[in-house]
Amino acid sequence: MPAERYEESYLYRLRHSAAHLMAQAVQELFPKVQLSIGPPVENGFYYDIDFPQPLREEDLARIEKRMKELSKLDQRIVRTEVSREEAKAMILDPAIPGNGPDVAEFKLQLLDAIPEGEAISFYDQQRTDREGTLHRFVDLCRGPHVESTKEIKHFKLMSIAGAYWRGDVRNKQLTRIYGTAFETADELENYLHMLEEAKKRDHRLLGRELGLFMFSPRVGTGLPLWLPKGAMLRHVMTDFLQQEQLKRGYLPVVTPAIANIKLYEKSGHIINYRDKMFPFMEDEERETYILKPMNCPFHIEIYASHMRSYRDLPIRYAEFGTVHRYEQSGEVTGILRARGFTQDDAHLFVTPDQLIEEFVGVVDLMQAVLKKLGLTQYRVRVGVKDPHSDKYVGDDENWEAATAAIKNACDKLGLEYELSEGDAAFYGPKLDLIIKDALGREWQMGTVQVDYNLPERFDLEYIGEDSKPHRPIMIHRAPFGSLERMIGLLTEQYAGAFPFWLSPNQIAILPIADRHIEKAQEVAECLRGTIYDTRPLRVSVDERRETLGKKIREAQLQKTPFMLIIGDKDLEDGTLGVRSREEGDLGAMTLSDFLGKLPHPSAS
RNA sequence: GCCGACAUAGCUCAGUGGUAGAGCAGCUGUUUCGUAAACAGCAGGUCACCGGUUCGAAUCCGGUUGUCGGCUCCA
C-alpha cells in the first residue's frame, strides 16, 4: 500500500483545524485582529494575523488556554459553500463572528484570488449553549477540516514571527503564530523530545565543543574563525575535492579578495547584487574597490587574457575562492549562513556542442562527492527565471537555451528534479542540491549554473574550426556549495562523529603513565608516516597526567574514531589496547593488526 | 532589514531592589593509574554595553550591540 500523502491525512486536517481553533481563540482575546491565512505545515501549523498591538510571547499561554476551553466545547465544524457574492457579504457582515468590514482586508483579497469556477467555502465552528444561543466562528477557507473541535486535544503553540502578507517584503508584516498538533499526547511529547535532541546536533554547539570554529564579536557577525580541528576538516575536504577535480581536467587558479569596481560593473553585479555586497573602498587615487561576493569575473578575466581556440575548450578553472556577502543580520546562522565563506568554485568555458556533456560531467562529480561524504538525503531543484521579475541580465533567447540545456542534461542523467520559478541566479538558470539541517531547515548546497550572459557582457570569444570568432558558454559550479555550509551540515548529519577518513583527529594515543609516553610518541610518529586515503594519518598523543578513564572519556566526547592505549602490558607484549568510538574496547593487538582494522578508504 | 525572545565566570545554569553563587573546565600540589570524570587547594565576573529611576540596580525603565526562532533573501 502506498504511503498516504501528508496533505490527504487526518493529521493534516487536524492541524488545519488547530489553526482555526487558534484563530478563534485569538479573535476572542483580541477582537480587533484581522485574520489572513492559517495553513498546516510540515511539523504543525501557523496562522498569519494582523494585531493592532504587538503580540508578546507570554500571550501564547493565554491563547493556548482558551484553545483548550474551546476545544472541550465540542464545536461542530461545518462547511458551507457559497457564491462569490454571498462570500463577500459574509466576510463583510459584522454579525458573523470572525467577520465584518473592520477585519476583512485580507479575506477579501483571498476571495479575489480564488479562480472563477472554484468552490468558495466557509468553515463554521458552532455550538449551542445551555440557553440555546448559537455561538459561531466563521472563516473563509478551502478546508478540509476535522468534524469537531474536541478532536483537537494535543497541541502546543511554539513561537511568534513576523511574516509579510503574501511573502512580499513590500507588503504589511503580519504576526505569525506557529503551533503544532498531534493525534496523541505521546506523539506530541515525542516531537518535542525530538526537537531537544536535534538541538544537541546543532553545528554551532558541536563546532564549539569539538573545537572546529568560533565567532568573536570583535571580528564581526558571520565571520568565522577556524580552529585547528576545523581547519583540518577544511583541508581534508578541499584536498579530496581538488584530487577529484584534477582527475577530471580542472585547472587550479587563484584570484584576489578585492577588485576594482569596474570589473563588477561590467559583470552586472553592481546593479544586480549591490545590496548583498560589503561597502565599497576608495583609494587615494579615487579608484573604488569592492570585496568580492563571487569569483566568476576573475576567472573570466583569465579566460579573456588571450585568444582561445575551440581546441582549448573546455577550459575548467577551479578555485577555493573566499567571498564575502553582506547577509542581512537576521539571516546569519553559524557557518550555514556566514558573511565570509569559501566556495569550491569553478567556471567551465565550453562550446555549445560541449555544454550538455560538461553539465552531465559536473553533476556526475557532484554525485560522487555526495556519495563520499555520505549524504544521501537531498532534493534537486532547477531554478529558472521568474517571468514577472526584472532582476535578471541577458535576453530571453539565452535564458531559454540555458534552461533547455539543464533540463536536457537532467533527462540524460535520469535525474528527478522540481522546477522552481524565481530561483535562478541573476545571470542564468541553475540546478541546486538542497539538504536539510538537524532542525529540518533546508539549505542550498551544491549548484551548477548555465550562463550565456556573462560571456556576452565580457565579449568572450574563441576561434572555431571555421576560423571565425564564437561565443563560449560558461558553467558555474560548486559541488559543496561552500566549505562552511557543507561542514556545518556534515557536523549535524554525523552529530560530530565524522567518518574516519574525514575526522580531524583520527587516532588518539593514550599512554597510561609517564613511562609510556615515549612509546606513544613512537607509535604516533609511525602512524603519521602512514598514508591513508592519500593523506598522512592524523594522530594526537594525550600526555597529561590524568587517569586513563578521563583520557578515554574526553577522546570519546571529542568523537575520536580510534583510541590506542599504551601501558606496561603493551610495552612487554609489543601490542596496543585498541578502542573504537563506536564499538568500545577491541582488545590488545599489534600496530599492523590495528592498521588492518581501519575502514577501507573507498567505503566511507 | 523586519517580528518575537534571550544576554550572570571559558561552558551549563541558580540568583525578583540590600555585600555576586554552584557544577564542569582552568591553575597549583599530591596521585603514575588498563577502557566514559583521582584527591586537595587556588584563582576566575564593569552581571553584554550606554543612559535613566532609586538612599541603593544583575534585578525596574529606555537605547545600543550580540545571539536565538521565524519572515524576506541565499552558498
Side-chain angles (χ1 to χ4, degrees), chain A residues 46 48 51 54-60 158-178 195 199 202 204-205 208-209 214-218 220-221 273 275-276 293-294 321 323 325-339 341-345 383 422-423 425 430 432-434 439 441-447 449 476 478-486 488-489 510-517 545-557 563-570 577-581 584-588:
Chain A
Y46 67 78
D48 283 350
F51 284 83
L55 185 72
R56 290 165 308 165
E57 215 142 88
E58 60 198 62
D59 295 324
L60 293 185
M158 307 295 287
S159 62
I160 294 178
Y164 302 105
W165 168 236
R166 290 190 157 147
D168 191 328
V169 246
R170 291 166 299 192
N171 289 343
K172 187 165 189 177
Q173 192 169 46
L174 308 175
T175 302
R176 174 171 299 179
I177 307 175
Y178 277 97
L195 281 184
K199 279 185 197 156
D202 190 313
R204 291 165 292 197
L205 180 68
R208 189 177 59 224
E209 285 177 355
M214 60 172 279
F215 290 92
S216 161
R218 279 183 290 277
T221 295
Y273 214 74
D275 56 337
K276 292 191 194 86
M294 291 188 191
V323 297
R325 299 182 185 173
Y326 197 80
E327 302 292 346
Q328 297 187 95
S329 57
E331 263 312 335
V332 173
T333 304
I335 53 171
L336 287 179
R337 183 85 180 262
R339 282 182 172 165
F341 59 95
T342 302
Q343 294 181 304
D344 53 331
D345 212 354
D423 276 319
K430 58 186 186 151
D432 297 320
L433 299 180
I434 295 172
L439 287 169
R441 296 178 292 207
E442 292 197 317
W443 298 92
Q444 181 191 316
M445 311 299 293
T447 182
Q449 311 170 352
H476 309 237
F480 297 153
S482 76
L483 278 167
E484 284 72 9
R485 188 168 280 183
M486 186 52 91
L489 213 111
L510 313 179
I512 290 175
D514 289 352
R515 63 183 176 279
H516 310 123
I517 290 176
R545 307 179 87 186
E546 293 287 354
T547 58
L548 179 63
K550 180 148 184 169
K551 289 181 181 182
I552 287 174
R553 178 179 157 81
E554 290 183 4
Q556 195 77 40
L557 289 173
M563 287 152 251
L564 298 180
I565 292 142
I566 299 178
D568 289 336
K569 263 191 287 177
D570 301 295
V578 177
R579 185 187 162 96
S580 107
R581 179 176 67 190
D585 190 358
L586 299 180

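Small disclaimer: the values here were computed from a predicted structure and weren't measured. For the numbers below, each heavy atom of this structure counts, side chains included, while hydrogens, waters and symmetry mates do not. Per chain, numbering begins at 1; letters A, B, ... match sequence-line order.
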Where the side chain of [X] is concerned, which of [options] is the nearest nucleotide?
| X | options | result |
| --- | --- | --- |
| A/Arg579 | B/G70, B/A36, B/C74 | B/A36 |
| A/Arg204 | B/A37, B/C68, B/A75 | B/C68 |
| A/Gln328 | B/C74, B/U35, B/G1 | B/G1 |

Is there a donor on the side chain of [X] or the base of [N] sitting less than 3.5 Å from an acceptor on the other?
| X | N | value |
| --- | --- | --- |
| A/Arg339 | B/C74 | no |
| A/Arg325 | B/C73 | no |
| A/Thr547 | B/A38 | no |

Can you see if the side chain of [X] gets near the phosphate of [N] - specifically, an N or O under 4.0 Å from OP1 or OP2?
| X | N | answer |
| --- | --- | --- |
| A/Ser329 | B/G1 | yes |
| A/Ser159 | B/A5 | no |
| A/Arg581 | B/U35 | no |
| A/Tyr164 | B/G1 | no |

Is there side-chain contact between A/Thr342 and A/Glu484, with heavy atoms separated by less than 4.5 Å?
-> yes
Does A/Arg325 reach the side chain of A/Asp275, with side-chain heavy atoms less than 4.5 Å apart?
-> no
Give the rounded distance in Å between these two atoms: CD of A/Glu442 and P of B/A75.
-> 15 Å
